[in-house]
Each structure stands twice: as C-alpha cells, then as structure tokens.
Protein chains: 2
Amino acid sequence: MSNLKTSLKIGLQILSVLARSESRPVSVRELALELGQSEKYLEQLLLPLRHARLVTSLRGPHGGYHLSRPPSHIALLEILELMQGPVTFCDCPSRQCAECVSPAMWQTLEACMETSMAHVTLADVMTMRPPKLPARVGLSPVWVENGLGI
Amino acid sequence: MSNLKTSLKIGLQILSVLARSESRPVSVRELALELGQSEKYLEQLLLPLRHARLVTSLRGPHGGYHLSRPPSHIALLEILELMQGPVTFCDCPSRQCAECVSPAMWQTLEACMETSMAHVTLADVMTMRPPKLPARVGLSPVWVENGLGI
DNA sequence: GATAATTCCTAGTAATACGATATGGAATAG
DNA sequence: CTATTCCATATCGTATTACTAGGAATTATC
C-alpha cells in the first residue's frame, strides 16, 4: 500500500501538465482527456491548488488554469501539504500522549521529511531528476553528494 | 490526521514495556493491563513481531514475551515496516506508471525516510532522546549536529 | 443581449481501509 | 491440569478517501 494519497499523485500530474503549457491556460476538459480522469474529480483537486495560489484560473471561453509561479519555485512540500495534509506522525496537540512514546522522535522525523521535500521542486519532479539540494539544510537531514549530479 | 497507524504506535508501546522488564517474560495479560488494550488485540500485534524474531515467546505458565535483542539493536525502521508496511510512495512494480511522475524522486524520498529510521533505535525511542546518528549516512539524509546532544 | 464555455461551490455517495472485538480452539510447558 | 502462547477467521463500526452530481457565477464571442 502506498503512503501517498491518489489526490497528491494526480495533483502532481495536473501541475506537470500546466507546467508544460506555460503559455496558455489549460481547461479542465483538456486535463481530463490527458490524464484519463473525470472533469469533476479534477475540478475538486484544483480547488485547493487555486486557494493556495499555486495555480491561477481564468473563467469563460478559452479559460482554464495555469501555474502562478515557475515550476522551480514550487516546492514538493507545498503540494504535498495541500493535497494530503501536513506531515504529522502524531497529532495529539500536547505531544505528551501515550501514543507519542517519544515526542522528540516524531518531531525530528517530521522535520526530516519536511526539510527534504521543501527542497524538491516541481521542476525536479518534472525532469525526473533527483532534486538539487544544498550540502546541508539547517539542523535537518540532507541529501549528500551521491554521484547523481547533485 | 496522523500518518502513522495506531498499530505501529501500540507496537512501540509493547516493545517499550518488554524492554523495561528485560529479565522476565511479560504475558499478554500484563501488557493488556498496562496499555489499556484488549488481550486479543495485543496478541494480533505481537504476531508479526514474533515472526520477524523481534520478540521471543515462552509458552505455558509464567510464559510471555521478551525482546530477542537489546533495544539499542532494534531499528525503528524494522518496527515500522512490520506494523504498517513498507515505506512506499508509489507501489507500482515497474516504477514507470503514470502516477510515478518521477520514479527517481520517490525512490530518493523513500530512501531518505528509510535511512533516517534505520538509525533510530528502540533505545532512542524509549529514552525520549533524539536519536544518535552519524554525521553522514551513506548517500542519504542524516541528522546533523543540532545542539540537542547528538 | 444571447449563447456557450468555462470555472466555482456545495453536497452527496460509494468503496475501502483500518481499528478493534470476538470466537474457538490447538499446542506447549510448568 | 492449568496457564499461557499460538493461530485463523470473521465481523462490525467508523473514518477516510475517491469519485459523482447539480447547478450558480463569470466571461468571451457572436
């Protein structure tokens, strides 16, 4: 079973299509044809993307959606949080519940994921390249030199 | 919503209890009392732990479960994979499906999580301390010095 | 204006996963 | 003989998720 929601995966596909046709807006109908999903479903997924101003919409004939920013300025973390919620390993507010066992542990691991994904951009996703990451990222995990061109 | 299953969290609680009473085996009944869960439920959770030889069982009177290894030699990753399945962001076998968008991306992120959790031990979890991690871990993410005693 | 293309919004339904419980008994060992 | 693990299955409730549906609002074009 995948740990990622379908909505995130399709959301990424949507954004990829929008990124490829920078110039003109893409209608939901076109997206539906290209991605093999229903228009209504894609509409729903576009809603949060628009509210977060990741995409901009144009109504009326020849309307559609386009990216609000260049793909290299859209972090995977943003998309992930929009489409499948925050990266939380335990969501008790106090971080002191029995389930927490070790709050510091979960927080560290959450930060690990977040920092990593904050440095991956839509451009990286599209080009199928491993992401460009700095050698070190704050106090959190980083990709290090790995012979893959980073 | 938490991204971790309850079974993992309770699994960790079980292992913590076992770790604290190293010397003698702990029966399911005792676990049930201590953790406030039904015996049958805990039995179910203990099954995969035993099959993976993380815990050893003794039958008959005064029987019960104990850890097969010291807590410092049980990686969080093992527990996680046993209790809530592998860390997979896309589970198509080919890694070439439409949902993949960027197989290299998911693989890198999966490796990030896995490597991080592979270096966290049950001992870390129990002591509520941030994990001890080497300054660098292969080609994957690491925790770096962060003033928390690592 | 009228019309048609499109986004926008709100609900609702259907399928699935998951947590949790329940039952019943076989095997094992003090 | 009794306490316990072991194992299988199945069931139920609920939360989440995927997906559908209908129609209001907006805008370009004729």
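In this text, all values refer to a predicted model and were calculated from it rather than measured experimentally. Order of the sequence lines fixes the chain letters, A, B, ..., with proteins taken first and strands second; residue numbering starts at 1 for each chain. Values below: every heavy atom of this structure, side chains too, minus hydrogens, waters and symmetry copies.
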### Query
Within this structure, what is the CG-to-P distance between Leu8(B) and dA17(C), rounded to whole angstrom?
19 Å
### Task
In whole angstrom, give the distance that lies between atom CD of Gln84(A) and atom C1' of dT16(D).
13 Å
### Message
Checking the side chain of Glu110(A) only, and the main-chain atoms of Phe89(A) only, is there a donor and an acceptor separated by less than 3.5 Å?
### Response
yes
### Task
Grab the CG-C1' distance between Asn3(A) and dT16(D) for me, whole Å please.
15 Å
### Query
Is the phosphate of dC8(C), meaning OP1 or OP2, less than 4.0 Å from a side-chain N or O of His51(A)?
no
### Message
Please list all pairs meeting side-chain hydrogen bond (donor to acceptor under 3.5 Å, both in side chains) that have one or both residues in residues 49-65 of chain A, counting only residues at least two apart or in different chains.
### Response
Thr56(A)-Ser68(A)
### Task
Give, ordered by number, those residues of residues 26-37 of chain B having at least one heavy-atom distance below 4.0 Å to an atom of DNA chain D; if nothing qualifies, reply none.
Ser27(B), Val28(B), Arg29(B)
### Task
Scan for salt bridge (Lys or Arg N to Asp or Glu O under 4.0 Å) pairs involving residues 62-80 of chain A, sequence neighbours excluded, and state none if there are none.
Arg69(A)-Glu78(A)
### Task
Round to a whole Å and report the spacing from CZ of Arg50(A) to P of dT6(C).
17 Å
### Query
Does dC8(C) have OP1 or OP2 sitting under 4.0 Å from an N or O in the side chain of Tyr65(A)?
yes
### Task
Using whole Å, report how far CE of Met83(A) lies from P of dT17(D).
12 Å
### Task
Go along nucleotides 23-28 of chain C 5' to 3' and tag each nucleotide: B for a protein heavy atom under 4.0 Å from its base, S when only backbone or sugar atoms are that close, - otherwise.
BBB-BB
#### Entry: side chain to side chain contact (heavy atoms under 4.5 Å, CB included) assessment of Met113(A) paired with Met113(B)
CA-CA 7 Å; Met113(A) 279 311 287; Met113(B) 279 308 288; 2.6 Å; yes
### Task
Output all residues satisfying side chain to side chain donor-acceptor pair (under 3.5 Å) with Ser27(A), sequence neighbours left out; order by chain, then residue number.
Glu30(A)
### Query
Which is true for Leu46(B) with a 4.0 Å heavy-atom rule: it touches a base, it touches only sugar-phosphate, or it touches nothing?
nothing
### Query
So, does Gln84(A) use its side chain to make a donor-acceptor pair with the main chain of Lys5(A) at under 3.5 Å?
yes
### Leu4(B) CG - dA17(C) C1' separation (whole Å)
16 Å
### Message
Can you measure Leu42(A) atom CG to dT6(C) atom P for me and round it to whole angstrom units?
### Response
15 Å
### Query
Closer than 4.0 Å, any side-chain N/O of Tyr41(B) to the OP1 or OP2 of dT21(C)?
no
### Query
Atom CG of Leu45(A) to atom P of dC9(C): distance rounded to whole Å?
15 Å
### Query
Phosphate oxygens OP1/OP2 of dA20(C): is one of them under 4.0 Å from a side-chain N or O of Ser38(B)?
no
In a table with atom names and distances, give each donor-acceptor pair under 3.5 Å that connects a side chain of residues 42-49 of chain B to protein atoms at least two apart or in another chain.
none

### Task
Is it possible for you to say whether Leu58(A) and Val26(A) belong to one hydrophobic cluster, with membership spreading through side-chain heavy-atom contacts below 4.5 Å?
no
#### Entry: Listed nucleotide nearest any side-chain atom of His62(B), set dC18(C), dT7(C), dG30(C)
dG30(C)
### Message
side chain to side chain contact (heavy atoms under 4.5 Å, CB included) for Thr121(B) and His73(B)? Distances and angles first, verdict last.
### Response
CA-CA 6 Å; Thr121(B) 74; His73(B) 287 67; over 6 Å; no
### Query
Is there a side-chain polar atom (N or O) of Ser7(A) under 4.0 Å from OP1 or OP2 of dA18(D)?
yes
### Query
If you find the nucleotide of DNA chain C closest to Leu47(A) and the one closest to Gly64(A), which residue's nucleotide is nearer the 5' end?
Gly64(A)
### Summary
Against the side chain of Gln44(A), the closest entry in dA18(D), dA11(C), dG19(C) is dA11(C)
### Message
Using the side-chain contact (heavy atoms from CB on, under 4.5 Å) criterion, which residues pair with Ser72(B)? Sequence neighbours excluded.
### Response
Pro70(B), Ala123(B)
